[in-house]
Amino acid sequence: MVLVSILVIPTQITSAQATQPGPASDKIVVTRKTIEEVPDALTSGKIDGYLYSLRPPQAAQLQGVSGVSLYSAPAGLIELTLNPAPVAVFTLEGALSISDAAAKLGIPAAAITNLYIQGGKTVVEVGAYPGKGVNPFAFKEIRFAMNYLIDRVTVASTIMKGFAVPMYTFLSQYDPDYATISDIIAKYEFTYNPSYVDQVVTNVLTKVGAVKIGGKWTYEGRPITIKFIIRQEDERRDIGYTFSSELKKLGFEVNEMEMQYAQAINTLYGTDPANFEWHIYTAGWGKSGIDRYDYGSITQFCASWYGYMPGWGETSFWNFKDDIVDELTLRIYQANYTSKEERNELYRRAAELCIQDSVRIWVVARLDTWPMRSEVKGITLDLGAGLRGIWNLREMYVEGRNTLNLAHLWVWTSSSAWNIWGGFSDVYSVDFERVTYDPSMWNHPFNGEPMAFRTTYVVVTAGPSGKLNVSSNAVIWDASKKQWVPVPNGTQATSKVIFDFSKLIGAKFHNGITISWADVIGFLAYLFDIVYDPIYSSLESRISASSKPWADTIKGFEFDFNNKRVIVYVDYWHFDENYIASWASFSPVNPIEIHAATFELALDRRNETNYVLYQKKGYEWFSLVWPDHVAKVKATLQSYKNNQAVLDKVNKYAMGTLNMDEWNARIDADLNWINTYNLAWISYGPFMLTKLDTQGQVLELTAFRDPTYPFKKGDWYFGQPVATSIVSVSIESPIQGKILPGQTANITVKLSGIPPFSLKYMIRDPRGIIITSGDGLKISEDTFRVVLDSNFTKTLAYGSTYTVILIGLSEEVAIPGITRQVVNTATLSEALSAQSISDVLANVKASALGQVDIILSQLKQERVVDLESLRDQLATAISGVTGVLIDQYVSLIGTAMDNMNKLSQTTASTITSQVSSQIQQIRSDVTALSEKLDATQSTVSSLQTYIVVNIVLTLVAIVLSIIALVRKPKA
């Protein structure tokens, strides 16, 4: 067995291998294998590799096996999706406050989970209501507390056997933007604390009228029951039952509903959350790649408008909403900012609010492991998708063999819908679909930078603040008129991208038909139709809602027929021009007549067919590979032949670029394809889908060797990346190896990997709070310095332990190198040998005030108190106490220091006695001060007392340190 990690240096496929158009293998046959079957199938040679990540026991079983290589990448995510729906929604007359609305409804104000004004009326959502029951997860406080009910470290080490790392939000430490929000993530590194969760649950549920009887929560005499969908195929089963056990300990009844993929997906996404067919789901996600500057993940996992938050954007369902997160993510998604710094600030704000919403309880990022026989060559390890990256089916091969035999957990499920509009939501269909067509652009497998794939491009931009004039030749689709129309005179756009479609237009579809302008132009028209046509957008609200933010930025298209170029005018700017191109890009995927048939069957004739493009309970999810649907497509295409009315309709979408002869030739080719393969999936990528046995779970991909296909073996091979790592850390300070409060300390960090590099750092105090963060100062290509100046170090406590978190970044390989370095501060005894007593006392005061600022920053988010008033009170108290104490002690300590050489044991004993007396007096003073401060809010009082007592104890320690120095014999 060979374990291949992300540290392997890239190699190159030799030019001799690149001899003909198309992929490396002539045929790929994929069968279904359970994870448990894989070791035997692989070692016996029945399969060459497995496309689904192994479970830890199976990965361990293959370790040490000769002829087997294991590839690992952080490509999987596991989270617990909570259902935040209210149990009832009321619309009341007028604009009401929460207390007024509660009074009108006759419920506790605490039962109201959301309230907003709409059309002069007040919409009230309640999480508990008589006759309706209680949904604990409708309450934000309980959702947030759930983060403390799972021990992520234990899950990673035991259930996942070390093949995972803890995860606290939608990004893990392996994502490029982790560094952007690393301090926020560190702030929310939730620990396992069921006692705290119990307190929160008890507080909330008691206020809304729930009662705990015999250790069980009830409402109106009935148990509060949680419906928990637990996936049974992988580690999510163990994670689900672990979490369920914790919920039961809290006093909930839990209905544990074990399900496989299709049943779970149908229940989760096909039903209205307000119907409460589920409360929790063990969700798993497979990454399709990495993104250097993320806008997709934060939108998908946090924003309601994108269609992946409970309610799923379906207008007939109740939908979760956080207006602020929606606004921020839309700005991020549409690049509505003027600098990288502004983008990062928007991203940080949205990420923190998303964590606080806690609709998803993130558990771990899986270090997915894929097994391959060692003779399989041409493998690229995508740092986001692992072996599931778009590259590998194109490039994998076994020398001397034409066929590659692979397996997957599923080849097809009832939710594996092959339609580009609202399908491809599972890895089982996506993994194969993406090798049947070529995207216009894709992200680099190592750094996440968008790059040209089938279409090269040139970007012209006047952004972020300027505008370009849109050409008078530009057009836009008018969904109401059902035709392409010239853009209005004077139309302007922020940017334009000139795409070269010469590798697509004029090439062949798999059925032998030439790809024409009709396929490119028609695809865009259909896309705009589903967004702006009022009937289509209402029928497919989820698709429309997620596509509209893109379509809204498009100002026009200019089709350069002679040069096979498409110029896209767009109100979009990004500090990285490749992202402007990526935003403007599009990929037609299927012939225009297939799109026409799809729209007819799933939209125009929905009442007859019962088809939908995006899954919905009670309907069939339209798929170009399901036999019954293929038969309907075939019949529809047959009706299109020699049909002038249909051609005229389609030609409106295609800008009149089709004639009847070409149209009939297309229909004949499509029908011949369907008759041959019983599939209606036709595209233009390196592989043709030539077999999909949905019952037998067998799929075949056959190489497309047409001379017009522009790529050959080796064109998309990248090999393995070189990871960024931190190789050394050293500290320079007056006290060797330690930070001396009040004195500058330098931390020197050396990196390895592929430059150019950058370095970020954070410092965590003994309580786990991040007290500072920033960027390292570049000293050389691979060396950085973190400078901790005296103004910062004077706020550190003496004799304490801090953690320095260092994050090394490379522009070429996106996954950061991270290390945590434990650093100690000098003890009081060590400090007194290098600093004056007055400096030490000043540092103690600065440290106390620093603690005030840290705690205030936490309170600010919760809006607990009047922060300015609180800080003034604390500063006054600290100054008063330290002032008195300094006056009391400076004289005593000074005398002790002046007479150290003359003091005897008896004198030292006398000082000890005096100190003891002083300590008693200080304790009395502190008690009196605390009683006085009790007149303020409890939060203020406890905080002041905590800080004051710590100052007192520190000062006492100083005196005792002096006495210890006095007693020491001379050397």
What orientation do [X] and [Y] show, parallel under 30°, tilted 30 to 60°, or perpendicular over 60°?
X    : Y    : value
H574 : Y293 : tilted
F190 : Y188 : tilted
Y337 : F575 : tilted

Would [X] and [Y] count as having a side-chain donor-acceptor pair, cut-off 3.5 Å?
X    : Y    : result
T744 : D789 : no
S358 : N147 : yes
E246 : Y148 : no

Closer than 4.0 angstrom, basic N to acidic O: yes or no for [X] and [Y]?
X    : Y    : result
R55  : D234 : no
R348 : D183 : yes
E79  : R236 : no
D198 : K249 : no
K750 : E781 : no
D382 : R388 : no

Under 4.5 Å between any side-chain heavy atoms of [X] and [Y], yes or no?
X    : Y    : result
I280 : F137 : yes
Y802 : L796 : yes
V804 : I747 : yes
I379 : Y71  : yes
I779 : T748 : no
E811 : S758 : no

Which heavy-atom pair separates [X] from [Y] by the least distance, and what is that distance?
X    : Y    : result
A797 : S800 : CB-OG, 3.4 Å
R152 : V364 : O-CG1, 4.2 Å
L383 : P721 : CD2-CG, 3.5 Å
G742 : T793 : N-OG1, 3.1 Å

Six-ring centre of Y347, R343 cation under 6.0 angstrom, axis tolerance 45°: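 R343 over Y347 ring: yes.
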
Check the pair K287, D175 against salt bridge (Lys or Arg N to Asp or Glu O under 4.0 Å), reporting the backbone distance first and the verdict last. CA-CA 11 Å; K287 295 165 69 174; D175 289 294; 2.9 Å; yes

Chi angles and distances behind the side chain to side chain contact (heavy atoms under 4.5 Å, CB included) call for I159, T154: CA-CA 7 Å; I159 294 178; T154 298; over 6 Å; no

Which is it for K340 and E345 under the salt bridge (Lys or Arg N to Asp or Glu O under 4.0 Å) test, yes or no, and what are the steps along the way? CA-CA 9 Å; K340 181 178 180 180; E345 182 55 33; over 6 Å; no

E732 side, atom CD; L788 side, atom CG - distance, nearest 0.5 Å: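 Rounded to the nearest 0.5 Å, the CD-CG separation comes out at 11.0 Å.
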
